[in-house]
Asks: 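Below is the structure I would like to discuss, written out as structure tokens.
Nothing here was measured: the structure is a model prediction, and the numbers come from that model. Chain letters run A, B, ... following the sequence lines, proteins first, then strands; residues in each count from 1.
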Amino acid sequence: MTGSTRQSGAGDRAEAPPRNTACYVYGILPEDVEISEDAVGVGDPPGRVKIIRHGEIAALVSDVDVDRPLGRAQDLVAHEQLLDEAAAEVPVLPLRFGAVMTTPEAVVEELLAPHHDSFAAALKQIEGRAQFVLKARYAEQPVLVEVLTENAEARQLRDRIRQLPEEVTRNERIRLGELITQIIAAKREADTRAVVERFEPVTVGAVVRDPSHERDAAHVAFLVENDRQADFERAVGELRSEWGDRVEVRLLGPMAPYDFVTT
Amino acid sequence: MTVAVPPAGGGGLPGRSSGSGLADVIDTILDKGLVIDAYVRVSLVGIEILTIDVRVVVASVDTYLRFAEAVNRLDLASQQQGLPDLLSSAPQKIAHGKSKGVAQGVLEAAGEKLQDLMASYAEEPAPRTRRRQREED
């Protein structure tokens, strides 16, 4: 379970790590948190997760071998899972994937100490709140039918493409695809605005994310009070049934407030 | 005689409302979250390529051609438009065949590609973080 080649023992007092080991930092939490013994993080074998405390705040860290590249699927998922499970219980300021500092002392001196007050203040702000991400995507057929129904130029292009051999319609096909992309982008903008407005009463913040797919209808991160979570989820359910087959709606979370922390 | 014991923590985990795939994870942790200048970045493998693909997928010529292809294969019957010639010969669901997922993003493909890597991770015990002595209030 623990890396057999490392000398990191079970003690959590400041031990000198081996030279090729560094300190991977997941996020910032309040000082009064505890982490269970079996929590593991990034790396292969996965590093045991530890807490480094300073004043009112703490950093969630694990040893990482700097000679070994990071970024495998397991590493990405371990990072997010650790933070999200923490976020379900306590306020967490998540760091972007890949934050590695040389030593535990560096974590205190260069990260926790200089930013102590602003981190502590930010933790108070997100206390009792968690992030959710709403991902809505137009179903392919319905949205294409909508586009053709609404737009005469798209219909003409489609007809022309059907009548002529494929070799001579490359320009028409590109133009048609571009037109569809533009029309879907306009729909996305309207639907995203509607989604943000609709959830305003049950959320305390919203950040519109860039679309991650050409058929995205909305991609929005929401900050939700824990005691409004049921209301929020109910509202998402209503949206889902209203949109029906037109849009597929997925809800991710609760997760750490990745979209609401800024440097 | 034997009792099947569920894995530790079974059922008690704070819910992830829906399974979030690798693509969702990439969306979130590579792009968002605190960044502090002070830290040293170790090398990352494969990530740059994945994220570049994600950006390109929105509005490229390739996307346009895939959309055009999807429209071309769209089942005309569902459009309430008179195009009798083409219709009569093709009442079957063309659109469910080849064009299914024709406009799927690179992002999803990337996610699928790495899915086997994910499989092993699912078994790992769930880490827990909690607040010290918060039960009292």
Asks: Give, as side chain, backbone, both or neither, the part of A:I184 having an atom under 4.5 angstrom from any heavy atom of chain B.
Replies: side chain

Asks: Any side-chain heavy-atom pair from A:F119 and B:L34 closer than 4.5 angstrom?
Replies: yes

Asks: Scan side-chain atoms only and decide if B:N72 and A:R158 contain a donor-acceptor pair under the 3.5 Å cut-off.
Replies: no

Asks: Which one, A:V92, A:V33, A:V107, leads in non-hydrogen pairs under 4.5 Å with chain B?
Replies: A:V33

Asks: So which residue, A:I180, A:L93, A:L60, A:D216, ends up with the most heavy-atom pairs under 4.5 Å with chain B?
Replies: A:I180

Asks: For chain B, find which of A:V133, A:D259, A:I161 contributes the most heavy-atom pairs closer than 4.5 angstrom.
Replies: A:D259

Asks: What part of A:L29 gets within 4.5 angstrom of chain B, counting heavy atoms only: side chain, backbone, both, or neither?
Replies: side chain

Asks: State, yes or no, whether a side-chain contact exists between B:V61 and A:R170 at a heavy-atom distance under 4.5 Å.
Replies: yes

Asks: With rounding to the nearest 0.5 angstrom, report the CD to NZ distance, A:E80 to B:K32.
Replies: 11.5 Å

Asks: State the CZ-CD distance between B:R73 and A:E140, to the nearest 0.5 angstrom.
Replies: 11.5 Å

Asks: How about A:R160: does its CZ atom have over 12 heavy atoms from other parts shown lying under 6.0 Å from it?
Replies: no

Asks: Relative to chain B, which segment of A:E172 carries a heavy atom at a distance below 4.5 Å: side chain, backbone, both, or neither?
Replies: neither

Asks: Any side-chain heavy atom of A:L176 sitting closer than 4.5 Å to one from B:Y64?
Replies: no

Asks: Does any N or O in the side chain of A:R173 come within less than 3.5 Å of the main-chain N or O of B:E69, such that one atom is a donor and the other an acceptor?
Replies: no

Asks: Enter the distance from B:F67:CZ to A:I174:CD1 here, rounded to the nearest 0.5 Å.
Replies: 14.5 Å

Asks: Any idea which of A:G177, A:A256, A:C23 has the most non-hydrogen atom pairs under 4.5 angstrom with chain B?
Replies: A:G177

Asks: Do A:F97 and B:V25 make a side-chain contact, defined as non-hydrogen atoms from C-beta onward lying under 4.5 Å apart?
Replies: no

Asks: Looking at every non-hydrogen atom in both residues, tell me the closest pair between B:V71 and A:L144 and how far apart they are.
Replies: CG2-CD2, 3.8 Å

Asks: Carefully, step by step, assess A:R209 and B:T28 under the rule side-chain hydrogen bond (donor to acceptor under 3.5 Å, both in side chains).
Replies: CA-CA 10 Å; A:R209 288 183 168 189; B:T28 296; 3.1 Å; yes

Asks: Mind listing the closest non-hydrogen atom pair of B:I29 and A:R96 along with its distance?
Replies: O-CG, 3.3 Å

Asks: So with a 6.0 Å cut-off around CG of A:D67, is the heavy-atom count from everything else above 12?
Replies: yes

